[in-house]
Amino acid sequence: MRLRINEYLLYNTPMKNISSKKLYVVSGSSGVGKGTVLKTFMARHPDFMLSVSCTTRKPREGEVDGINYFFISQEEFSRCVEEDKFLEWAEFAGNRYGTKKKFIEECLDKGKNVILEIETKGALQVKEKMPDAVLIFIAPPSLEELETRLRGRHTEDEETIQKRLSEVKKELESAKKYDYKVVNDKIENAIEELEKIIAGD
Ligand code: 5GP
């Protein structure tokens, strides 16, 4: 199976027989708490690796290059797109984000299950290229609750909050194409739900 994955990544041909146990895509609107859910999940499941994406966004306080993201310039990002280095990429709230094919290939080579924590446009690109990838959407209990959480974390200015809120409705629409939806009313419930989905998949 691994050879087939590498073949896909190298030649970009559609894959039929990728092991569905290997690649999971988790999305959720800004402020939904997916970071916390995934952080706990990763701590409990060392056989999983969380993909580190490239982004043109500036680092937030405390974020580390190579751990949270590979923070790259617009020019470098454009070069990667031209050179077809991304498995998927998308623009989100004024910044570009992408998953390097090579990074995923290396994770799979280490025999790890891989989780991509990406927004919905990129997730649907992955599903199109790798139909057996499992798409999981983490949804807020309500839109009001989401706005409260987004404001409460104090990491974005008002303009950025507005941009992110305007993405939410589009994302909820795209979520209809996902394999699973987890409502994050309580973090512990959401983690358990995620574990059930992945264990039962
Ligand atoms: P943030 O700026 O809050 O870290 O991320 C903004 C959005 O970009 C989130 O929904 C996050 O899941 C998504 N994202 C992070 N990395 C990638 C990526 O490699 N590709 C895509 N398509 N989205 C990403």
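Because the structure is a prediction, the values reported are computed rather than measured.
Here the closest non-hydrogen pair linking K127 and P131 is NZ-O, 3.0 Å. The two atoms that bring L38 and E117 nearest to each other are CD1-CG, 3.2 Å, heavy atoms only. When all heavy atoms of P141 and V183 are compared, the pair lying nearest together is CA-CG1, 3.9 Å. Residues S73 and T56 come closest through the heavy atom pair O-CG2, 4.0 Å. In plain terms, the two heavy atoms of P140 and V32 that are nearest each other are N-CG2, 3.3 Å. Minimum interatomic distance between C80 and F86 (heavy atoms only, all atoms of both residues): CB-CE1, 3.4 Å.
No hydrogens or angles considered: a donor-acceptor pair under 3.5 Å links the side chains of E88 and T99.
Residue E158 is tested with K163, R164, R151 for a salt bridge (Lys or Arg N to Asp or Glu O under 4.0 Å); the sole match is R151. Partner E173 forms a side-chain hydrogen bond (donor to acceptor under 3.5 Å, both in side chains) with one of K176, K177, K170 and no other, that one being K176. The side-chain contact (heavy atoms from CB on, under 4.5 Å) with L23 is formed by just one residue from the set I115, D132, V114; it is V114.
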*Checking salt bridge (charged side-chain N to carboxylate O under 4.0 Å, His left out) for the pair K102/E106: CA distance, chi angles, key distance, verdict?*
CA-CA 6 Å; K102 194 160 182 277; E106 283 170 5; 3.2 Å; yes

*Could you go through the side-chain contact (heavy atoms from CB on, under 4.5 Å) check for V25 and I136 one step at a time?*
CA-CA 6 Å; V25 179; I136 304 163; over 6 Å; no

_Audit row: I104, S51, side-chain contact (heavy atoms from CB on, under 4.5 Å) steps and yes/no_ = CA-CA 7 Å; I104 302 304; S51 168; 3.7 Å; yes

*Decide yes or no on side-chain hydrogen bond (donor to acceptor under 3.5 Å, both in side chains) for R57 and T55, but give the supporting numbers first.*
CA-CA 5 Å; R57 165 167 84 59; T55 184; 5.2 Å; no

*May I have the step-by-step check of salt bridge (charged side-chain N to carboxylate O under 4.0 Å, His left out) for K186 and E188, ending in yes or no?*
CA-CA 6 Å; K186 285 201 185 114; E188 190 51 40; over 6 Å; no

*Given R44 and I191, is the side-chain contact (heavy atoms from CB on, under 4.5 Å) satisfied, shown in steps?*
CA-CA 10 Å; R44 290 187 193 168; I191 295 163; 3.5 Å; yes

*Go through the steps to decide whether L50 and L116 satisfy the test side-chain contact (heavy atoms from CB on, under 4.5 Å), and finish with yes or no.*
CA-CA 6 Å; L50 194 56; L116 308 186; over 6 Å; no

*Between E171 and K169, does a salt bridge (charged side-chain N to carboxylate O under 4.0 Å, His left out) hold up when you go through it step by step?*
CA-CA 5 Å; E171 291 203 307; K169 284 192 182 142; over 6 Å; no

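Side-chain atoms of R96 and S78, non-hydrogen and from C-beta on, do get closer than 4.5 Å to each other. Between I118 and V126 the shortest side-chain heavy-atom distance falls below 4.5 Å. Looking at heavy atoms from C-beta onward, E119 lies out of side-chain contact with E91 at the 4.5 angstrom threshold. K101 is listed as a side-chain neighbour of D84, based on a closest heavy-atom distance under 4.5 Å. By the 4.5 Å heavy-atom criterion applied to side chains, F48 and M42 are counted as neighbours. Residues E63 and F71 form a side-chain contact, since some pair of their non-hydrogen atoms from C-beta on lies under 4.5 Å apart.
The hydrophobic clustering, which links ILVMFWY residues whose side-chain heavy atoms are closer than 4.5 Å, places Y97 and M49 apart. No single ILVMFWY cluster, assembled from side-chain heavy atoms under 4.5 Å apart, contains both F92 and I72. Y69 and F77 fall into different hydrophobic clusters, where Ile, Leu, Val, Met, Phe, Trp and Tyr side chains are chained together by heavy-atom contacts under 4.5 Å. Cluster membership for L135 and L172, using ILVMFWY side-chain heavy atoms within less than 4.5 angstrom, is shared.
With rounding to the nearest 0.5 Å, the separation of CD in E195 from OG1 in T40 is 9.5 Å. In this structure, OG in S53 is found 9.0 Å from CZ in F70, a value given to the nearest 0.5 Å. The structure places CD of Q162 at 10.5 Å from CG of D157, a figure rounded to the nearest 0.5 Å. Separating the CG atom in L143 from the CG atom in L165 is a distance of 8.5 Å, to the nearest 0.5 Å. Note that the CD atom of E76 and the SG atom of C54 stand 7.5 Å from one another [nearest 0.5 Å].
Taking the six-membered ring where tryptophan is involved, the planes of F41 and H45 are essentially parallel, since the angle between them stays under 30° and well short of 60°. A perpendicular orientation is assigned to the rings of F137 and Y178, their planes being inclined by more than 60° (bins at 30° and 60°).
Using a 4.0 Å cut-off between charged nitrogen and carboxylate oxygen, R60 and E156 count as a salt-bridge pair. The residues E147 and R149 are annotated as not salt-bridged, no charged nitrogen and carboxylate oxygen being separated by less than 4.0 angstrom.
Looking only at distances, no side-chain donor or acceptor of N184 sits under 3.5 Å from a matching main-chain atom of A139. A donor-acceptor distance shorter than 3.5 angstrom exists from the side chain of K34 to the backbone of G28, with no hydrogens or angles considered.
Environment of NZ in K181: sparse, with no more than 12 heavy atoms of neighbouring residues, nucleotides or ligands closer than 6.0 Å.
Applying the side-chain contact (heavy atoms from CB on, under 4.5 Å) rule to K39 yields no partners; only residues at least two apart in sequence or on another chain are considered.
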